[in-house]
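Some notes on the structure that comes next.
Just the heavy atoms: all of them, side chains too, but no hydrogens, waters or symmetry mates, feed the values below.
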Amino acid sequence: GAMGSRYALRSRLLVAIDVSGSMSSRALAVGLAAINRLFAHAVEQIDVIQFDTAVRGEALSMTRARHEIHCLGRGGTSFQPVIAYLDAHPAYDGVIVYTDGEAPTPTAPLRSRARLAWLFTNARAWSAQRAALSPLGLTAFLEA
């Protein structure tokens, strides 16, 4: 009914962007374009965080498409800080982790009920990591 569709518009979505040194400028631009497309699907607000071996800076709340995000970080990669962030901010309904996938498998969130989706920069990264990350949520890749 109407309540269900209205709830979908209110869902709280977190996007975690891997800003480690292995992520190319092109991959980051493609990821931002994918985030921007979510606004065409009636998503009202998307919170964006950046991570490498830690979550860098504050969450950026986007209510419309943006053409660039100033990238912090550029170190190695760990997914665990994203899981810790989710547990510290458990109100999110879903999280998309955009990454080139070169990191150890994290533990599952303890407090957060958010649905996890792992979005890889390419098919090679996805095929290398999907078996490890599938128990933690959906896995997919973008063709950049």
Side-chain angles (χ1 to χ4, degrees), residues 4-5 7-144:
S5 56
Y7 176 75
L9 295 179
R10 298 269 182 275
S11 62
R12 294 200 57 198
L13 190 60
L14 179 70
V15 177
I17 302 177
D18 181 345
V19 291
S20 64
S22 57
M23 288 284 286
S24 69
S25 298
R26 168 139 179 81
L28 292 168
V30 168
L32 182 57
I35 293 168
N36 284 339
R37 280 198 297 278
L38 292 171
F39 289 107
H41 296 281
V43 173
E44 290 183 348
Q45 181 180 326
I46 301 166
D47 289 354
V48 179
I49 58 171
Q50 299 180 33
F51 74 98
D52 49 21
T53 54
V55 172
R56 302 291 174 193
E58 299 293 309
L60 171 68
S61 289
M62 290 173 51
T63 52
R64 59 182 173 79
R66 291 173 73 114
H67 298 295
E68 56 183 14
I69 292 177
H70 176 66
C71 285
L72 310 163
R74 316 304 275 164
T77 311
S78 174
F79 298 136
Q80 204 62 49
V82 176
I83 302 297
Y85 187 92
L86 274 178
D87 278 333
H89 303 82
Y92 289 105
D93 301 304
V95 57
I96 298 169
V97 182
Y98 179 58
T99 179
D100 59 2
E102 296 169 41
T105 306
T107 58
L110 296 173
R111 294 183 62 221
S112 173
R113 295 273 176 269
R115 297 187 59 182
L116 276 155
W118 303 87
L119 182 60
F120 292 96
T121 53
N122 59 68
R124 183 195 55 74
W126 170 78
S127 61
Q129 285 282 78
R130 74 179 157 151
L133 292 172
S134 288
L136 292 168
L138 186 78
T139 67
F141 64 90
L142 287 178
E143 275 300 0

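Of the residues I69, V15, V55, the one that meets the side chain to side chain contact (heavy atoms under 4.5 Å, CB included) test with Q50 is I69.
In this structure T107 satisfies the side chain to side chain donor-acceptor pair (under 3.5 Å) test together with Q80, sequence neighbours excluded. Remark: F51 pairs with no residue by the ring pair (Phe, Tyr, Trp, His ring centres under 6.0 Å) rule, at least two apart or across chains.
Within the 4.5 Å cutoff, no side-chain heavy atoms of I49 are placed close to those of I17. No side-chain heavy atom of T99 sits less than 4.5 Å from a side-chain heavy atom of L119. When side chains are defined from C-beta on, M62 counts as touching N36, because their heavy atoms get closer than 4.5 Å. In this structure, I83 and L116 have side chains that are in contact, with non-hydrogen atoms separated by less than 4.5 Å.
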Which donor-acceptor pairs under 3.5 Å do side chains of residues 127-141 form with protein atoms, sequence neighbours excluded?
from: S127; atom 1: OG; to: A123; atom 2: O; distance (Å): 3.2
from: S127; atom 1: OG; to: R124; atom 2: O; distance (Å): 3.0
from: Q129; atom 1: NE2; to: G101; atom 2: O; distance (Å): 2.7
from: Q129; atom 1: NE2; to: A103; atom 2: O; distance (Å): 3.2
from: S134; atom 1: OG; to: R130; atom 2: O; distance (Å): 2.6
from: T139; atom 1: OG1; to: W126; atom 2: NE1; distance (Å): 3.0

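Annotation for V95 and L13: closest pair N-CD1, 4.4 Å, computed over non-hydrogen atoms. Here the shortest heavy-atom pairing between T77 and S22 reads OG1-OG, 4.5 Å.
For an aromatic pair to be called close, the ring centres must be under 6.0 Å apart, and W118 with F79 satisfies this.
Of the possible donor and acceptor atoms, none in the side chain of D18 sits under 3.5 Å from a partner among the backbone N and O of M23. A distance-only check finds no donor-acceptor pair linking the side chain of Y98 to the backbone of A34 [under 3.5 Å]. Under a 3.5 Å cut-off, the side chain of D47 and the backbone N or O of A59 do not form any donor-acceptor pair. Remark: side-chain polar atoms of D52 are not paired, donor with acceptor, to backbone N or O of G76 under 3.5 angstrom. A donor-acceptor pair is defined here as one N or O able to donate and one able to accept, closer than 3.5 Å; no such pair exists between the side chain of R12 and the backbone of Y92.
Side chains of T121 and D100: a donor-acceptor N/O pair is absent below 3.5 angstrom, by distance only. Between Q45 and S61, the side chains place a donor N or O and an acceptor N or O closer than 3.5 Å (distance only, hydrogens not considered).
Of the inter-residue distances, the one linking I46 atom CD1 with T63 atom OG1 reads 9.5 Å to the nearest 0.5 angstrom. One distance of note links CG of L14 with CG of D93; it measures 11.0 Å at 0.5 Å rounding.
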